[in-house]
There are 2 protein chains.
Amino acid sequence: MNENTTKTVDKIIENLIYIHPLLSKGLTRTIRAKTNLNPGSLYVLGLLSRYPLLSMSEIGCKLGMPKPHVTAHIDKLVVENLVERISDPNDRRIVNIKLSLKGKENFDMIIKELSSEMRLRINKLDENKLVQLFDSSNKVREILVEITF
Amino acid sequence: MNENTTKTVDKIIENLIYIHPLLSKGLTRTIRAKTNLNPGSLYVLGLLSRYPLLSMSEIGCKLGMPKPHVTAHIDKLVVENLVERISDPNDRRIVNIKLSLKGKENFDMIIKELSSEMRLRINKLDENKLVQLFDSSNKVREILVEITF
DNA sequence: CAAAATGGTTACAAAAGTATAACTATTAAA
DNA sequence: TTTAATAGTTATACTTTTGTAACCATTTTG
């Protein structure tokens, strides 16, 4: 790896270190205010809204959390009827998780709630910047998924 | 705001909800492993590496944390000699915070540590994707700063 | 079939983040 | 000049996150 690449990576890290607390500020607070879900549980819900069926281990792997935490989050989501545990017929050790209809609806609704909160701030942005934020957040997400999974 | 813009904002929120835990995974863990700083304190340090002088309130405002938390973080950083409290001669209520030389050096070093960890994963990316991640993380950061401060 | 590996849960402890009220010191305003 | 507002600190309580060890059930391996 050459000198330039090294510098680029350093800058990326610096950006990510900067972005993370801003997201905490923007998201965590609103999540607490607008929903009765932990941020962590909401992240699991968001993951499940992307993948139709995931095992406990897969969820833990994708979100980088140890299995006991996944169990705890899923427990909460199950109590709220937002997800279902479905045991795998082929391997009875495996517990698959699926978003319930209520879970799907709730997640969409929560996104709308969060959006409406953020929209107040996003309104300061012109159409052009909005599209830029859209594109760049897509890209960051796509690449982070690629290198962390 | 028209229908399309609404959808774009929703998608952005979804992206951010997705990105946040990935960053936690990628950063928080490494921060814990590689440094003896809380993630929160490191974020404060990172902020101060951008701005030469910030008051306690400004730090709290920029990172979206209540003043008592800022006090706690700064206390830790002061103990480690990474930042200095400088009382403002014009308004003696104000306490300004400045990165010490050691703080500057340490932050650079920590960035290198985190980079080396992440580099292992980033190595999977080709030069092209690396630049894309760089550009898009820059953009997300720039726009988040604009709408959250 | 016995042993090892895997998937998941339970239980406990520690670290960090979060919220809030009450307080001091200082400055600004009436 | 008394009152109100601002900047910061202290103290406390609570939630969430994080880490780990031990455990059961099931599957795979030798």
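The sequence lines fix the lettering, A, B, ..., with proteins before strands; numbering per chain opens at 1. Note: hydrogens, waters and symmetry copies are ignored here, and every other heavy atom, side chains too, is used.
- In this entry the distance linking NE2 of B:His20 with P of D:dT17 reads 10 Å, nearest Å.
- For B:Asp135, the side-chain contact (heavy atoms from CB on, under 4.5 Å) partners two or more places apart in sequence, or in a different chain, are B:Val131.
- Only at 4.0 angstrom or more do the heavy atoms of residues 35-44 of chain A sit from any atom of DNA chain C, so none qualifies.
- Residues B:Ser137 and A:Lys139 form no side-chain contact, since every pair of their non-hydrogen atoms from C-beta on lies 4.5 Å or further apart.
- A:Ile59 places its CD1 atom 13 Å from the C1' atom of C:dG7, with the value rounded to the nearest Å.
- If you take CG of B:Leu63 and P of C:dG17, they are 11 Å apart, rounded to a whole angstrom.
- Remark: B:Ser115 pairs with A:Val9, A:Asp10, A:Ile13, B:Ile111, B:Arg119 by the side-chain contact (heavy atoms from CB on, under 4.5 Å) rule, at least two apart or across chains.
- Within the structure, a side-chain polar atom (N or O) of A:Arg85 is placed less than 4.0 Å from OP1 or OP2 of C:dT9.
- Going from atom NZ of A:Lys62 over to atom C1' of C:dG7 covers 17 Å, rounded to whole Å.
- The interatomic distance linking B:Ile74 (CD1) with D:dT10 (C1') rounds to 16 Å, in whole Å.
- Residue B:Ser57 places at least one side-chain N or O under 4.0 Å from the OP1 or OP2 atom of D:dG8.
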B/S/- along nucleotides 20-30 of chain D (protein heavy atoms under 4.0 Å) is BB---BBS---

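- Atom CE in A:Met65 sits about 14 Å away from atom P in C:dT9, given to the nearest Å.
- Closest-nucleotide positions on DNA chain D for B:Glu58 and B:Arg32 were compared, and the one nearer the 5' end corresponds to B:Glu58.
- Contact between B:Leu125 and B:Leu133 at its shortest, heavy atoms only, is CD1-CD2, 4.4 Å.
- Side-chain contact between A:Ser100 and A:Val83: absent, with no pair of heavy atoms (C-beta onward) separated by less than 4.5 Å.
- Using a 4.0 Å heavy-atom cutoff across all strands shown, B:Ser24 reaches no nucleic acid atom at all.
- Applying the side-chain contact (heavy atoms from CB on, under 4.5 Å) rule to B:Lys104 yields the partners B:Leu99, B:Asp108; only residues at least two apart in sequence or on another chain are considered.
- Using a 4.5 Å heavy-atom threshold, the side chains of A:Glu58 and A:Tyr51 count as separate.
- The CG-P distance, from A:Asp75 to C:dA11, rounds to 11 Å in whole Å.
- For the pair A:Leu48/A:Ile59, a side-chain contact is recorded, criterion being any heavy-atom separation below 4.5 Å from C-beta on.
- A:His73 is linked by a ring pair (Phe, Tyr, Trp, His ring centres under 6.0 Å) to nothing, counting only residues two or more places apart in sequence or in another chain.
- Between the CD1 atom of B:Ile31 and the P atom of D:dT18 there is a distance of 11 Å, rounded to whole Å.
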